[in-house]
Amino acid sequence: MNKKHATLFKILLALFALNSITLYLYFSSSHHHHDNRRDTTAEGFPAIIPHRGPHLSKPWPIIPSYLPWSLTSNVPSKSCEAYFGNGFTKSADVLPAKAAVRSGSSWFRCHYSWTLRSSICEGGKIRMDPGKIKMSRGGEKLEDVIGRTEDEEMPEFEDGAFEVEAEGRRSRSKTKKLVGEEFLNEFLPVGNVVKHTMRELVRSIVVVGETDFTCQEWVEEPTLLITRFEYANLFHTVTDWYSAYVSSRVTGLPNRPHLVFVDGHCETQLEETWKTLFSSLRYAKNFSGPVCFRHAVLSPLGYETALFKGLSEDIDCQGASAHDLWQSPDDKKTARLSEFGEMIRDAFGFPVNRHHSDKAVSGHYNILFVRREDYLAHPRHRGKVESRLSNEQEVFDSLQKWASDHQECKVNLVNGLFAHMSMKEQVRAIQDASVIIGAHGAGLTHIVSATPNTVILEIISSFFRRPHFQLIAQWKGLEYHAINLDGSYANPGVVIDRLNKIMRSLGC
């Protein structure tokens, strides 16, 4: 063997040795990782606990209005970013993550927003015992639970419903709460929420030792724990969607998280969007026993989002494009709701780069009339929707005739019977609309996913004058018009006259 071959042989031998060492270290660490999932049986022998196999997490989409969510401590209080983005600038490490990495125990922290007066909390190695959460099972068919009370569906947590493992703690002889009342008052204040379920969940967390931390199942992927209140109402559900989205971004999750509903509500049509936006969905009571999460995130209540708080406090923000804000940041402007709307459209497979000019390129304009119709919403609902426009059918029929007679350009009036359309069909109708018209009602919340330059025309009864949709339009930068009625009757001629003015402004 000549010198050149000998040198080559030595290099190959060194690479082989390095590869062998790497494989040894990998499998050693893998074995140690599985040891952290060991339970202690009644006989005192360790047993490997079954856990969920690889579960595909959906990636975050690439959307035009996205702006970085990295936390900076200089986000001004009451700024648009503080309301709609990452204003969670105060953090408390209850169980520090660094110590958890060293010992293999749990970690837990909360991120508090001075502006929203709420927190996003997260932790690793969190145990949930569904048997200590009093509520109905959840996820049933609506027709199977008619008459069930709301109290039966809302969770009540016993101490130990959630547990964390602390380094050096060995037994359950003395129950220790993770946090006390002072912490709860500082990071999870009750505010105007009558039943603050996230606060009660955190209050239930107890600290146990390694031998007491037992699980029947492990969830390896990051998971949001969510409690919903007005779960069958689109407006309130959108506040929950937005809270879940913000929580995911603030905690820096690499992919769209999985969801666990910590409530006992039955199925609704709105679950289609929950499953579409996020990676998977389960109900807490559907687990057969104690379950442990490698990374759990507690999402604030929808009542604590800017979307809801804007109904009672002045949130002086205007919608703007992400491109403009990237180049010229402005504390009075936001692109976060546009970002969220694009997230919804992308999740359903629709393009996120379509503007109004694309819709009308052929001279065709869709005018979407969002209707209010009877449907059975939840177990306590009688199937009747309160009318906000007493002559809705008359107005629709008049608009239909106006559209068919319109000479300047092609106008297509879309009958938005949302209660009988899938969520994907509803989102498609919203994104294809040049003008969205409707009486004040939850269905108009869909304008959160409307494309730029869509025009909103709201018909408002004198009995229901609240700024829900004017504010969403403002925060998205959409043109908004209102027809304020004296009572609930709308003169079709007045509606048509307003529509004619809008269409002329669109070049029709």
Side-chain angles (χ1 to χ4, degrees), residues 117-119 121 126-163 177 179 181 184-185 188-206 223-241 243-244 259-271 274 281-291 296 298-305 307-309 311-312 374-386 442:
R117 302 177 298 284
S118 68
S119 289
C121 298
I126 307 292
R127 179 184 188 267
M128 178 182 74
D129 186 350
K132 293 185 176 181
I133 305 175
K134 183 183 177 182
M135 62 186 179
S136 48
R137 180 174 176 80
E140 309 93 342
K141 298 294 182 183
L142 172 57
E143 56 269 22
D144 294 337
V145 292
I146 296 296
R148 186 167 67 188
T149 66
E150 188 172 13
D151 286 343
E152 292 177 83
E153 297 179 347
M154 298 308 298
E156 292 184 12
F157 303 101
E158 297 179 23
D159 288 351
F162 288 83
E163 293 180 349
K177 291 290 192 76
V179 299
E181 290 299 310
L184 293 172
N185 291 336
L188 295 163
V190 174
N192 296 322
V193 180
V194 175
K195 184 179 177 66
H196 201 302
T197 50
M198 182 177 169
R199 177 187 171 103
E200 296 307 309
L201 187 159
V202 174
R203 176 186 272 126
S204 79
I205 302 176
V206 299
T223 302
L224 291 188
L225 306 183
I226 295 170
T227 300
R228 304 161 298 156
F229 278 76
E230 300 178 58
Y231 66 102
N233 176 284
L234 180 62
F235 173 78
H236 290 285
T237 299
V238 167
T239 67
D240 286 331
W241 291 341
S243 180
L259 306 178
V260 171
F261 283 162
V262 188
D263 60 51
H265 301 311
C266 65
E267 281 187 348
T268 71
Q269 182 189 32
L270 297 172
E271 280 192 22
W274 281 109
L281 170 61
R282 293 180 75 174
Y283 282 79
K285 282 287 192 179
N286 290 174
F287 290 96
S288 58
V291 57
L298 308 184
S299 182
L301 304 177
Y303 296 134
E304 298 177 300
T305 64
L307 288 167
F308 186 82
K309 285 180 176 288
L311 301 177
S312 57
D374 293 338
Y375 72 102
L376 191 61
H378 54 76
R380 297 158 295 284
H381 195 241
R382 296 181 178 180
K384 291 289 183 182
V385 174
E386 189 173 8

Practice task
Report the distance from atom CG of Asp263 to atom CG of Leu225, rounding to the nearest 0.5 Å.
Solution key: 11.5 Å
Practice task
Please answer whether the main-chain N or O of Glu181 pairs with a side-chain N or O of Asn185 as donor and acceptor at a distance below 3.5 Å.
Solution key: yes
Practice task
Indicate yes or no for a side-chain donor-acceptor contact from Thr237 to the backbone of Asn233 under 3.5 Å, with no hydrogens or angles considered.
Solution key: yes
Exercise for the section: State, yes or no, whether a side-chain contact exists between Tyr303 and Ser118 at a heavy-atom distance under 4.5 Å. Expected result: no
Practice task
Would you tell me whether Tyr283 and Glu140 have side-chain atoms, one donor and one acceptor, within less than 3.5 Å of each other?
Solution key: no
Fill in the blank from the handout: Output for pair (Thr268 OG1, Arg228 CZ), nearest 0.5 Å, gives 6.5 Å
Problem - Salt bridge Lys309-Glu304, side-chain N to carboxylate O under 4.0 Å - result: no
Exercise for the section: Could you tell me whether the side chains of Asn192 and Arg117 share a donor-acceptor contact shorter than 3.5 Å? Expected result: no
Exercise for the section: Show your reasoning for whether side chain to side chain contact (heavy atoms under 4.5 Å, CB included) applies to Met135 and Glu156. Expected result: CA-CA 7 Å; Met135 62 186 179; Glu156 292 184 12; over 6 Å; no
Problem - Side-chain heavy atoms of Thr223 within contact of Leu259, under 4.5 Å - result: no
Handout entry: Donor-acceptor under 3.5 Å (Arg282 side chain, Val260 main chain)
Key = no
Handout entry: Side-chain heavy-atom pair Leu270, Tyr231 within 4.5 angstrom cut-off
Key = no
Exercise for the section: Work out which heavy atom in Gly160 is nearest to a heavy atom in Asp129; give both atom names and the distance. Expected result: O-CB, 4.1 Å
Practice task
Mind telling me whether Phe308 and His236 have parallel, tilted or perpendicular rings, with 30° and 60° as the class edges?
Solution key: tilted
Handout entry: Value rounded to 0.5 Å, distance of NE2 in His196 from CG in Leu201
Key = 11.0 Å
Handout entry: Criterion side chain to side chain contact (heavy atoms under 4.5 Å, CB included) on Met154 and Lys195, from CA distance to verdict
Key = CA-CA 9 Å; Met154 298 308 298; Lys195 184 179 177 66; 3.9 Å; yes
Practice task
For the residue pair Lys177 and Val206, establish whether any side-chain heavy-atom pair is separated by less than 4.5 Å.
Solution key: yes
Problem - Pi-cation contact, Phe157 with Arg203 (under 6.0 Å, within 45°) - result: no
Handout entry: Inter-residue atom distance Ile226.CD1 - Thr197.OG1, 0.5 Å rounding
Key = 11.0 Å
Exercise for the section: Report the C-alpha separation of Val193 and Arg199 in whole Å, then their side-chain angles, then the decisive distance to 0.1 Å, and conclude whether the side chain to side chain contact (heavy atoms under 4.5 Å, CB included) test is met. Expected result: CA-CA 10 Å; Val193 180; Arg199 177 187 171 103; over 6 Å; no
Problem - Between Ser299 and Ser243, a side-chain donor and acceptor under 3.5 Å - result: yes
Handout entry: Worked verdict on Trp241 versus Leu234 for side chain to side chain contact (heavy atoms under 4.5 Å, CB included)
Key = CA-CA 10 Å; Trp241 291 341; Leu234 180 62; 4.0 Å; yes
Problem - Distance-only donor-acceptor check, side chains Thr149 and Glu152, under 3.5 Å - result: yes
Exercise for the section: Could you tell me the separation between the CZ atom of Phe162 and the CD1 atom of Ile126, rounded to the nearest 0.5 Å? Expected result: 9.0 Å
Practice task
Write down the atom of Met198, the atom of Pro300, and the distance for their closest heavy-atom approach.
Solution key: SD-CA, 3.8 Å
Handout entry: Side-chain heavy atoms of Glu153 within contact of Arg148, under 4.5 Å
Key = yes
Practice task
Report yes or no: does Lys285 contribute a side-chain atom to a donor-acceptor pair with the main-chain N or O of Ser136 at less than 3.5 Å?
Solution key: no
Exercise for the section: Rounded to the nearest 0.5 Å, what's the gap from CG on Leu188 to SG on Cys121? Could you check? Expected result: 5.0 Å
Exercise for the section: Please determine if Glu163 and Arg127 form a salt bridge, counting it only when a charged side-chain N lies under 4.0 Å from a carboxylate O. Expected result: yes
